[in-house]
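These notes concern the structure reproduced below.
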Amino acid sequence: MIVGFVGLGNVGGKLAGSLLRNGVDLVVHDLRPDLTAEFAGRGAAVAGDAAGLMQACDVVITCLPSPAASDAVMAQMLPHVGPGKTWLEMSTTDAAEVTRLGQLVIDKGGAAADCPVSGGCHRADTGNISIFAGCDRATFERVFQLLTKMGRRILHTGELGSASVLKVVTNYLATANLVSCCEALVVAKAAGMDLGTAYEAIKISSGTSFVHETESQVILNGSRDISFTMDLVSKDVGLFQQVADRAGVPLEISPLLQQIFEDGQARYGSRELSPNIIRRLEDATGLSILAPGFPPEMTDDEPEEPGYEVVPGGRA
């Protein structure tokens with residue numbers, strides 16, 4: 001099986017690296033020549049464009065920053081789709097859009113799945129990230145072994161588009177948790193608490209979470225580097241809001257999160273690291289939310305393990 005990968009950014013580059021590390025015959029494409037040159041040096045072949053990549057490969061993976069980018073790439077690839085071709089969309093994208101594009105692939109005799117990842121860039125780098133897969137069961141079984149070379153926990157979420165719904169649900173929760181962690185740390189500092197102690201108190205309590213145990217650390221270090229930016233947060237919360245709007249669900253917290261990150265981008269720039277949303281409170285209070293002994297970035301210290309399917313309760 002020859003696998004193509006389009007999009008070698010923060011997440012895509014790490015996923016593609018896992019494929020190479022696990023012996024996959026890989027062809028890559030990206031608009032940045034420095035990224036494709038790096039992969040060529042590691043043994044990957046390089047395609048000059050997305051059309052050539054689809055022609056050369058059995059499975060093509062896209063991991064791109066927006067639905068518009070995926071649409072543009074698919075426009076190049078679609079004329080070369082046919083029986084035996086499979087498209088895996090690993091971008092965080094709109095469920096309706098991935099369903100539309102996937103149906104175009106299916107109509108030409110190919111197979112399609114949306115396969116977004118969750119768990120942080122540090123776990124994407126080690127093959128220990130989680131992967132959601134939305135597609136028919138036959139397609140899932142065909143691509144399952146490939147997915148296990150990039151992730152540890154693989155969840156078949158249902159039909160095409162379902163994985164993208166659940167991905168933006170989880171990203172929304174992570175965003176809400178980030179904002180609440182920022183408020184908690186600033187209030188603890190304002191109340192005279194030692195921030196190292198406050199971090200540990202939250203970690204060992206009912207208030208802990210994945211976001212606290214990762215992003216709070218880089219906040220307290222001062223690097224604020226989680227390899228994710230404010231514009232991407234706004235995109236993801238916006239996608240979640242679209243899901244809610246289509247389903248007719250009136251939300252209260254989601255619009256507030258959108259306002260907070262719109263303000264953060266206006267103040268600090270759209271490409272500012274997302275944990276620096278805490279600067280809004282630092283600026284308002286004059287407090288510096290820093291503490292010694294925390295790392296500048298997160299690393300995954302768990303050994304890479306073979307991937308496996310996660311079976312929802314009641315289906316086992």
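These numbers come from a predicted model, not from an experiment.
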Of Thr99, Val98, Thr157, which is the lone residue that meets side chain to side chain contact (heavy atoms under 4.5 Å, CB included) with Ser162? Thr157
In this structure, which one of Ile61, Val117, Asn128, Ile129 forms a side chain to side chain contact (heavy atoms under 4.5 Å, CB included) with Met150? Ile61
Are [Y] and [X] co-members of a hydrophobic cluster defined by side-chain heavy atoms under 4.5 Å apart?
X: Met54; Y: Phe39; answer: no
X: Leu273; Y: Val211; answer: no
X: Val59; Y: Trp87; answer: no
X: Leu173; Y: Val233; answer: yes
X: Leu101; Y: Val168; answer: no

Closest approach of [X] to [Y] (non-hydrogen atoms, all atoms of both residues):
X: Ala111; Y: Thr139; value: CB-OG1, 3.9 Å
X: Ile106; Y: Leu160; value: CD1-CD2, 4.4 Å
X: Pro296; Y: Val218; value: O-CG1, 3.6 Å
X: Cys135; Y: Ala112; value: CB-O, 3.6 Å
X: Leu26; Y: Ala16; value: CD2-O, 3.7 Å
X: Phe240; Y: Ser254; value: CD2-OG, 3.9 Å

Report the C-alpha distance between Asp49 and Gln76 in whole Å, list the side-chain angles of each, state the deciding distance to 0.1 Å, and finish with yes or no for side-chain contact (heavy atoms from CB on, under 4.5 Å). CA-CA 8 Å; Asp49 55 33; Gln76 297 178 48; 4.0 Å; yes
Describe, in one word, how the ring planes of Phe210 and His122 are oriented to each other, choosing from parallel (under 30°), tilted (30 to 60°) and perpendicular (over 60°). parallel
Rounded to the nearest 0.5 Å, what separation is found between the [atom1] atom of [X] and the [atom2] atom of [Y]?
X: Leu185; Y: Met193; atom1: CG; atom2: CE; answer: 13.0 Å
X: Gln241; Y: Asp236; atom1: CD; atom2: CG; answer: 13.5 Å
X: Met90; Y: Ser164; atom1: CE; atom2: OG; answer: 11.0 Å
X: Ser18; Y: Asp125; atom1: OG; atom2: CG; answer: 7.0 Å
X: Ser66; Y: Lys235; atom1: OG; atom2: NZ; answer: 7.0 Å
X: Tyr308; Y: Arg153; atom1: OH; atom2: CZ; answer: 4.5 Å

Glu304: which of Arg152, Arg21, Arg123 passes salt bridge (charged side-chain N to carboxylate O under 4.0 Å, His left out): Arg21
With a 3.5 Å cut-off and no angle check, do the side chains of [X] and [Y] form a donor-acceptor pair?
X: Thr208; Y: His212; result: no
X: Asp231; Y: Ser234; result: no
X: Tyr268; Y: Asp263; result: no
X: Asn10; Y: Ser227; result: no
X: Gln217; Y: Asn221; result: no
X: Asp300; Y: Thr126; result: yes
X: Glu89; Y: Thr62; result: yes

I'd like to know if [X] pairs up with [Y] as an ion pair, taking the criterion as any Lys NZ or Arg NE/NH1/NH2 lying under 4.0 Å from an Asp or Glu carboxylate oxygen.
X: Glu272; Y: Arg267; value: no
X: Asp34; Y: Arg32; value: yes
X: Asp58; Y: Lys85; value: no
X: Arg246; Y: Asp94; value: yes
X: Arg279; Y: Glu282; value: no

Tell me, do [X] and [Y] make a side-chain contact under 4.5 Å, heavy atoms counted?
X: Asn177; Y: Ser180; result: yes
X: Met1; Y: Val24; result: no
X: Phe261; Y: Val179; result: yes
X: Ser223; Y: Glu297; result: no
X: Ile131; Y: Leu155; result: no
X: Val3; Y: Asp25; result: no
X: Leu232; Y: Arg271; result: yes
X: Leu195; Y: Ile289; result: yes

Please determine whether salt bridge (charged side-chain N to carboxylate O under 4.0 Å, His left out) holds for the pair Arg100 and Asp71, giving the CA-CA distance in whole Å, both sets of side-chain angles, and the decisive distance to 0.1 Å. CA-CA 10 Å; Arg100 180 185 74 83; Asp71 181 50; 2.9 Å; yes
Please confirm whether the backbone N or O of [Y] pairs with a side-chain atom of [X], one donor and one acceptor, at under 3.5 Å?
X: Arg224; Y: Asn276; answer: no
X: Thr299; Y: Asp301; answer: no
X: Ser91; Y: Leu64; answer: yes
X: Asp114; Y: Gly161; answer: yes
X: His156; Y: Phe144; answer: no
X: Lys167; Y: Thr93; answer: no

Ring centres under 6.0 angstrom apart (Phe294, Tyr199): yes
Cation over ring, Arg137 on Phe140, under 6.0 Å and within 45°? no
Take a 6.0 Å sphere around CD of Glu159 and say whether it holds more than 12 heavy atoms from other residues, nucleotides or ligands. no
So for atom CG, which belongs to Leu290, do other residues, nucleotides or ligands contribute more than 12 heavy atoms lying within a distance under 6.0 Å? yes
Tell me, with the steps shown, if Leu256 and Glu252 meet side-chain contact (heavy atoms from CB on, under 4.5 Å). CA-CA 7 Å; Leu256 181 57; Glu252 296 175 313; over 6 Å; no
Taking it one step at a time, do Met298 and Ile226 satisfy side-chain contact (heavy atoms from CB on, under 4.5 Å)? CA-CA 7 Å; Met298 299 311 302; Ile226 206 69; 3.9 Å; yes
Using side-chain contact (heavy atoms from CB on, under 4.5 Å), reason through Arg280 and Ile277 one step at a time and then give a plain yes or no. CA-CA 6 Å; Arg280 296 172 69 252; Ile277 200 69; 3.7 Å; yes
